[in-house]
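Contents: one structure, followed by commentary.
These numbers come from a predicted model, not from an experiment. Order of the sequence lines sets the chain letters (A, B, ...), proteins ahead of strands, with each chain counted from 1.
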Protein chains: 2
Amino acid sequence: MTDLAAASPLAPARPASSEPPLGFVLVDAARLYRARIDRAFEGAGLGLTAGEARTLAYVDFHPGLRQSALAEKMNVEPMTLVGFLDRLEAAGLVTRETDPRDRRAKIVTLTPEATPHLAGVLTAAATARREATCGFSEAEQALLRDLLLRLRDNLAREHRSRDEK
Amino acid sequence: MTDLAAASPLAPARPASSEPPLGFVLVDAARLYRARIDRAFEGAGLGLTAGEARTLAYVDFHPGLRQSALAEKMNVEPMTLVGFLDRLEAAGLVTRETDPRDRRAKIVTLTPEATPHLAGVLTAAATARREATCGFSEAEQALLRDLLLRLRDNLAREHRSRDEK
DNA sequence: CTTGATAGTAAGGTTATCTTATTATATATC
DNA sequence: GATATATAATAAGATAACCTTACTATCAAG
């Protein structure tokens, strides 16, 4: 351990309890979580990656959105979404239909075939969640979710405001 | 929204408050956080990616470890660490020295040149954290960190037990 | 001194993400 | 209504962060 904090008044105040800073813990946790989810998907025989599954779930929660609006909901660039939708569409799980009010835009919806896949996704996600939150009370689980939502929205807001510059 | 939950008793119980399941929120939050950190690093002129910075911080917290032990601490595969160390070593920020007690193994330590980089990393991480946890009380911030640590350790334990099979 | 495990690494692959440029279409302006 | 500008999706191509598998050097045990 360097003596940085002591050596320099310019060094950031290292939060006493933060051996690994919050961001590192978050990124580590997310990597493990994603790996766990990927494995669960693989085990379930859904031919879906985590990103595709996430897209499927978002379309389910927000059906009928344009791609650009969906990308914004998901906090990814439109081009990132294109890739996910290409594969989901090729698999017959979503449709892209030209918006009659603006023929540049496309409306994304789930096909009926998506239903069992979505069920598999949610089951796998629930399994991973149960494992990840082993030992958590209901309240703790809800608390974690709410804290993460607030954190995500803080960052998303900042991210967006920097885009529209 | 499909009517899955109603339609099938086999469908996972969808936690009432969980529009996006916990895992999705976590993965989204982590992506935004990492992007924010990358931007902060770029802005600070450190020629480091998030993964390299994370490695640097881990070596600072756990100096003198062998690569395999360090990889385990970081919850990545040894080969993933090799890439990070290759670049950090090329940049003159870490050294890999043969362990005299086992000449297969290498001991990783920071060089003196790493000090300012590490300071930059911690400053950037602190900035990102301040932004991400805008509106959080001290207690909430600590709570989030502890919940994430527990979650990470749950997943890491599972991950490890599956390896040694 | 062989035999089998272990530490690091080379080679190569995948996923998720981005940026930049292109095309079609819409909207505003003159 | 012709022209300029903005927007929606996308093609092309890059990068970071992982992983798996196979090889090499070394150790440790018989």
Donor-acceptor contacts, no H, no angles, side chain residues 43-53 of chain B, under 3.5 Å, sequence neighbours left out:
unit_1	atom_1	unit_2	atom_2	d
B/Thr49	OG1	B/Glu52	N	3.3
B/Glu52	OE1	B/Thr49	N	3.0
B/Glu52	OE2	B/Arg87	NE	3.3
B/Glu52	OE2	B/Arg87	NH1	3.2

Problem - Partner set under salt bridge (Lys or Arg N to Asp or Glu O under 4.0 Å) for A/Asp86, not counting sequence neighbours - result: A/Arg96

Problem - Distance in Å, A/Thr133 OG1 paired with A/Glu138 CD, rounded so as to fall on 0.5 Å steps - result: 8.5 Å

Practice task
Please list, chain by chain and in numerical order, all residues satisfying salt bridge (Lys or Arg N to Asp or Glu O under 4.0 Å) with A/Glu42, sequence neighbours excluded.
Solution key: none

Exercise for the section: Check whether A/Leu93 and A/Val82 end up in the same hydrophobic cluster, where Ile, Leu, Val, Met, Phe, Trp and Tyr are linked by side-chain heavy atoms less than 4.5 Å apart. Expected result: no

Practice task
Please figure out whether A/Val76 or A/Arg101 has its closest DNA chain C nucleotide nearer the 5' end.
Solution key: A/Val76

Fill in the blank from the handout: salt bridge (charged side-chain N to carboxylate O under 4.0 Å, His left out) pairs touching residues 24-33 of chain B, sequence neighbours excluded, are A/Arg54-B/Asp28, A/Arg152-B/Asp28, B/Asp28-B/Arg31

Practice task
Would you kindly give the CZ-to-C1' distance between B/Phe41 and C/dC18, to the nearest whole Å?
Solution key: 18 Å

Completion exercise
Between CG of A/Leu81 and C1' of D/dA11 the distance, given in whole Å, is 15 Å

Problem - Length of the line joining B/Glu42:CD and D/dA16:C1', which is rounded to integer Å - result: 13 Å

Problem - Separation of atom CG in B/Asp102 from atom C1' in C/dT6, rounded to whole Å - result: 8 Å

Exercise for the section: Rounded off to whole Å, could you give me the OH-to-P distance for the B/Tyr33 and D/dA17 pair? Expected result: 16 Å

Problem - Angle between terminal axes - the helix from C/dC1-D/dG30 to C/dC30-D/dG1, 5 pairs each end, rounded to 10° - result: 10°

Handout entry: Counterpart residues, side-chain contact (heavy atoms from CB on, under 4.5 Å), relative to A/Arg103 (two or more places apart)
Key = A/Thr98

Exercise for the section: Figure out the CD/C1' separation between A/Glu72 and D/dA9, and round it to whole Å. Expected result: 15 Å

Completion exercise
Each nucleotide of nucleotides 8-16 of chain C classed B (base within 4.0 Å of a protein heavy atom), S (only sugar-phosphate) or -, in 5' to 3' order, makes SBBB---SS

Practice task
Quick one: list whatever passes salt bridge (Lys or Arg N to Asp or Glu O under 4.0 Å) with A/Arg104, sequence neighbours left out.
Solution key: A/Asp102

Exercise for the section: List in chain and number order the residues that pass side-chain contact (heavy atoms from CB on, under 4.5 Å) with B/Arg36, two or more places apart in sequence or in another chain; answer none if no residue qualifies. Expected result: A/Leu155, A/Glu158, B/Arg39, B/Ala40, B/Thr127, B/Ala128, B/Glu131

Exercise for the section: Give the rounded distance in Å between these two atoms: CZ of B/Arg103 and C1' of C/dA7. Expected result: 13 Å

Problem - Length of the line joining A/Glu77:CD and D/dT10:P, which is rounded to integer Å - result: 15 Å

